[in-house]
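The structure under discussion appears below in the form of structure tokens.
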Amino acid sequence: PTRSLRTERFRLIHNLAHNLRYAILEDVEGTATWKAIEAAGEAGNGTGWVYDYRSYMFRPEWQLFDVQTDPVNLNNLADNISYATTLKILQQLLRQWQVETHDPWLSCNPAVPSSGNDPWMQSHSEVCSF
């Protein structure tokens, strides 16, 4: 499961099961093309695919993309200190949406990095049952 927020400039993705291998749709997984990409990627070889296989299959908890300069979402900015304020603002907006919509995953999400008095941290558990 993921939760995502898109503005005119940025796309934020919260990968709720970031500790798991990314699931591939059944209609893709059985194709010869996917099997070739998977075999090459698992062997550590180039795949000829636009995405890096390992980065695609094992996604970090947070992904932040500048959709104006990176429309294919290849350069994750979530760990870039230059975007820390943008990341925090978008995380708060996503949290607000989750609260407003009574998102069933709200209480399971790991906390957004911040101070101990942050309401986001207080409302999240550290462990999810994936």
So, does [X] use its side chain to make a donor-acceptor pair with the main chain of [Y] at under 3.5 Å?
X: Asn76; Y: Trp62; answer: yes
X: Asp70; Y: Leu74; answer: yes
X: Asn15; Y: Pro60; answer: yes
X: Thr2; Y: His14; answer: no

Handout entry: Within 6.0 Å of CG in Asp52, more than 12 heavy atoms from elsewhere
Key =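 Buried by this count: over 12 neighbours within 6.0 Å.
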Do [X] and [Y] share a hydrophobic cluster (ILVMFWY, side-chain heavy atoms under 4.5 Å, transitive)?
X: Trp49; Y: Ile24; result: yes
X: Phe10; Y: Val67; result: no
X: Ile13; Y: Leu16; result: no
X: Phe58; Y: Val28; result: yes
X: Leu20; Y: Tyr53; result: no

Exercise for the section: Establish, from distance only, whether the side-chain atoms of Gln92 and Gln96 form a donor-acceptor pair under 3.5 Å. Expected result: no
Practice task
Could you tell me whether Glu29 and Arg21 have a side-chain N and a carboxylate O separated by less than 4.0 Å?
Solution key: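 No.
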Between atom [atom1] of [X] and atom [atom2] of [Y], what is the distance when rounded to the nearest 0.5 Å?
X: Leu12; Y: Phe65; atom1: CG; atom2: CZ; result: 9.5 Å
X: Gln91; Y: Thr86; atom1: CD; atom2: OG1; result: 11.0 Å
X: Arg95; Y: Leu5; atom1: CZ; atom2: CG; result: 14.5 Å
X: Thr85; Y: Leu90; atom1: OG1; atom2: CG; result: 10.5 Å

Handout entry: 4.5 Å side-chain heavy-atom contact, Arg59 and Arg54
Key = no
Handout entry: Student check: side-chain heavy atoms of Tyr83 and Leu64 closer than 4.5 Å
Key = yes
Exercise for the section: Quick one: sort the Tyr56 and Tyr51 rings into parallel, tilted or perpendicular, breaks at 30° and 60°. Expected result: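 Taking Tyr51 first and then Tyr56, their aromatic rings sit tilted (interplane angle of 30° to 60°).
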Ignoring hydrogens, what is the shortest heavy-atom contact between [X] and [Y]? Give both atom names and the distance.
X: Gly46; Y: Ala40; answer: O-CB, 3.6 Å
X: Ser4; Y: Arg11; answer: OG-NE, 3.9 Å
X: Gln68; Y: Pro71; answer: O-CD, 4.3 Å
X: Arg6; Y: Glu8; answer: NH1-O, 3.7 Å

